[in-house]
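One structure below.
Numbered from 1 within each chain, the chains take letters A, B, ... in sequence-line order. In this text, all values refer to a predicted model and were calculated from it rather than measured experimentally.
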There are 2 protein chains.
Amino acid sequence: MKTIKDIAKELGLSVSTVSRALNDKPDIKKETKEKILEEMKRLNYSPNANARSLIQKKSNIIGLMLSDITDPFFSEVALGVEEVSSKSGYQVIYGNTFLNLEKEKRFLSSLLERKIDGLIMKPGKLDEELLRLIEQLEIPIVFLRKLRENEQHLNVSSIDVNHYKAAYRAVEYLIKLGHVNIGFIGMSKDVSEEEDRLKGFLDCLENHNINYTDDNIIISGTGIEHGGTGVKQLLNKKSNITAIFTANDLLAIGALEWLVKNNYKVPENISVVGFENLEISSLHWINLTTVDLPRKKIGIQAAEMLMNMVSSDHVKKEEVELDTKLIIRKSTGGNQLHS
Amino acid sequence: MKTIKDIAKELGLSVSTVSRALNDKPDIKKETKEKILEEMKRLNYSPNANARSLIQKKSNIIGLMLSDITDPFFSEVALGVEEVSSKSGYQVIYGNTFLNLEKEKRFLSSLLERKIDGLIMKPGKLDEELLRLIEQLEIPIVFLRKLRENEQHLNVSSIDVNHYKAAYRAVEYLIKLGHVNIGFIGMSKDVSEEEDRLKGFLDCLENHNINYTDDNIIISGTGIEHGGTGVKQLLNKKSNITAIFTANDLLAIGALEWLVKNNYKVPENISVVGFENLEISSLHWINLTTVDLPRKKIGIQAAEMLMNMVSSDHVKKEEVELDTKLIIRKSTGGNQLHS
DNA sequence: CTGTTAGCGCTTTCAG
DNA sequence: CTGAAAGCGCTAACAG
């Protein structure tokens, strides 16, 4: 491996002069610089970023901690993050955690050792140790979700959509279509984003004086198959349901599939609204009314926020909330029982 | 930031002793070691991986160059790669190139400076400069596709499925179902994987003495929408087509969508076979017969190969070819015109 | 404009 | 078993 020394020796110069040429410093004669740059090319020299990091106390690396890169939401976020970061000269070290505490800790520890300059992360529920780890990093951080109760003291920024408002609007749309018996199919009680969506759902019903019981709400799981089991349970408990709001598109698609197989007509008998606007949700057969999340934008903006933070010493905490859009397609229609 | 010096000073020891404790070296008294480890915890010490990399000439970082992480194929590969690498103590720097030569070069150059230990990559068509860059890296490399003509001299390993055989088998299946007028919808002439698939398609027809013309083949594009335009063109030119083999699932799904909208019945009027086995291809409405690619396995095995290579000085070139499986679903059926 | 020097945080001889 | 010293490749004062 060629070093700055090799160049210097070859040209009879000092390493500092070579360094100056390498870093576009002003105090160097044009010709010397050109000569050096040429020699670098000739010797296939490539500077050692680790050595540079060591002395400058800046690695030009950021971390990206996700739960699962195969989730279309995160892969688009990751795309946006990498795009913005690489443009600013940063490399991205990425890791999947599946919201597993141990994996989260291991990944953050490894980033801590690498002395990264910034971090974009979607953590699960943080325990004391993890909170300490995050503080210990002492670098700008952007959360890909809102800060929770026990995280308010952290000096980290965040970006997320307003899940509450998004859900509220979606349900309001169903109510305007004449639906009064509306079910909810969720993923898990432990996901705070879902909590917000559920709250939006419930508040909307209440504000419109619509009655509901616990039976209107099924917590089913996170995959397509849970959409099926979800509707089934829901209709078992409340056979008069005419509309369903699900916590994500996969659940909605699973529900749709189950409904079709069991001879329900969508939207004639039952309306279904999803959440996420996956690419496949616009397919002819699915045509799902759903809430669009600006996924790539989240990634881009998260990275832009981080780039600003790493390049300024005064880091001010910022909590960004992006807006969503209800995409109306063919899985929703007027309530036939009331029209 | 705490350093090894702080620990040493605090305990009245030398840095080398601290280093020994840190690295589990044998020549250190048990009690000293314990004392040091405790002090490290107390001071929240975390070693500097960059300093270590510098002296050990080993970064414990690998690179992962993909065309597009939002492609389900690559996101699963990325998942497998990260899983295996992190288990072996390696961090993954990832980048998207969209097969753009400039982006590929920029990304590789940045990896070159970072002095990474290994690289997994899915490049496009390599030009001279890129070939030189790859050699210049002087590290173990695994390609996520077969080596092409002008790359044979490279000392890089590769892993891929046998696209030719997979296509051949899929088409053979259609022929066994009685089809003789079979069309092909492809993405682009520049994708070597597709070349192999097309060759498998053509060889299979020839070996079964089935006639075809250029009109049996449409190169349409890469997204769902191109599936639609593809079938349309195909049926315009050859209205007697009863089966279609597409170069990927998205094309097949787009074709399916167009067929349904235009009142063709699948598989009664037309059979469709895809390639990739996306998750959505098993949906009730789609139910696509397709070729399953072991995506996650490719990622895992690529990383395992790389881990072996980086931890042994004698790197031997290896070209792995994984097998595929034809998944038979409801988008294919017997040729009604002949039965 | 260029060279000398010190040192980033760590590992690794080599003595003792 | 422990310490002193050298040095990985580079940057950043400070002289000149």
#### Entry: Interatomic spacing from CD1 in A:I116 to CD1 in A:I62 - rounded to 0.5 Å
8.0 Å
### Query
Does A:S16 get its side chain close enough to the base of C:dG3, under 3.5 Å, for a donor-acceptor pair?
yes
#### Entry: Euclidean distance, atom CZ of residue A:R114 to atom P of C:dC10 [Å, nearest integer]
13 Å
### Task
Round to a whole Å and report the spacing from NZ of B:K115 to C1' of D:dC10.
12 Å
### Query
Tell me: CG of B:L54 to C1' of C:dG9, nearest whole Å?
9 Å
### Task
May I have the distance from B:D6 (atom CG) to C:dC10 (atom P), rounded to whole angstrom?
9 Å
### Task
Decide if atom NZ of B:K297 counts as having more than 12 heavy atoms of other residues, nucleotides or ligands within a radius under 6.0 Å.
no
### Message
With no hydrogens and no angle check, just 3.5 Å: does a side-chain donor-acceptor pair link A:S110 and B:Q91?
### Response
yes
### Query
Does any N or O donor sit under 3.5 Å from an N or O acceptor when you compare the side chain of A:S19 with the base of D:dA12?
no
### Task
Taking only the side-chain nitrogens and oxygens of B:T32, find out if one of them lies under 4.0 Å from OP1 or OP2 of D:dT2.
yes
#### Entry: Listed nucleotide nearest any side-chain atom of B:I55, set D:dG3, C:dC8, D:dC8
D:dC8
### Query
Between atom CZ in A:R20 and atom P in C:dG3, what is the gap in whole Å?
8 Å
#### Entry: B:T17 vs D:dG3: side-chain N/O to OP1/OP2 distance below 4.0 Å
yes
#### Entry: Nucleotide nearest B:I4 (side chain, heavy atoms from C-beta), chosen from C:dT11, D:dA13, D:dC10
C:dT11
### Task
Tell me which nucleotide among D:dG3, D:dC10, D:dA5 gets nearest to the side chain of B:L13.
D:dG3
### Query
Measuring from A:R106:CZ to A:L111:CG, what's the distance to the nearest 0.5 Å?
13.0 Å
### Message
Looking at D:dC1, I'd like to know if its phosphate oxygens (OP1 or OP2) sit under 4.0 Å from a side-chain N or O belonging to B:K30.
### Response
no
### Whole angstrom value for the distance that separates P of D:dG3 from NZ of B:K29
10 Å
### Message
Classify B:K25 by what it touches in the nucleic acid, base, sugar-phosphate, or nothing, heavy-atom distance under 4.0 Å.
### Response
sugar-phosphate
#### Entry: Residue B:R52, side-chain heavy atoms: nucleotide from D:dG9, C:dT11, C:dC1 that is nearest
C:dT11
### Message
Hydrogens and angles aside, do A:T17 and A:S14 bring a side-chain donor and acceptor to less than 3.5 Å of each other?
### Response
yes
### Task
Look at A:K5 and D:dC8 and indicate whether a side-chain polar atom (N or O) is within less than 4.0 Å of OP1 or OP2.
yes
### Task
Report the distance from atom CD1 of B:I7 to atom P of C:dT11, rounded to the nearest whole Å.
12 Å
### Query
In terms of side-chain heavy atoms, does B:E113 have a donor or acceptor partner in A:S46 at a distance below 3.5 Å?
no
### Message
Please report the distance, rounded to the nearest Å, between NZ in B:K9 and C1' in D:dG3.
### Response
16 Å
### Query
Within the structure, does a side-chain N or O atom of B:K57 lie under 4.0 Å from either OP1 or OP2 of D:dG9?
yes
### Query
With respect to the phosphate group of D:dT11, does any side-chain polar atom (N or O) of A:N23 fall under 4.0 Å of OP1 or OP2?
yes
### Message
Under 4.0 Å, heavy atoms only, any strand: does A:D27 hit a base, just the sugar-phosphate, or nothing?
### Response
base
#### Entry: D:dG9 OP1/OP2 closer than 4.0 Å to side-chain N/O of A:T3
no
### Query
When all nucleic acid strands are considered with a 4.0 Å heavy-atom cut-off, which category describes A:S53: base, sugar-phosphate, or nothing?
nothing
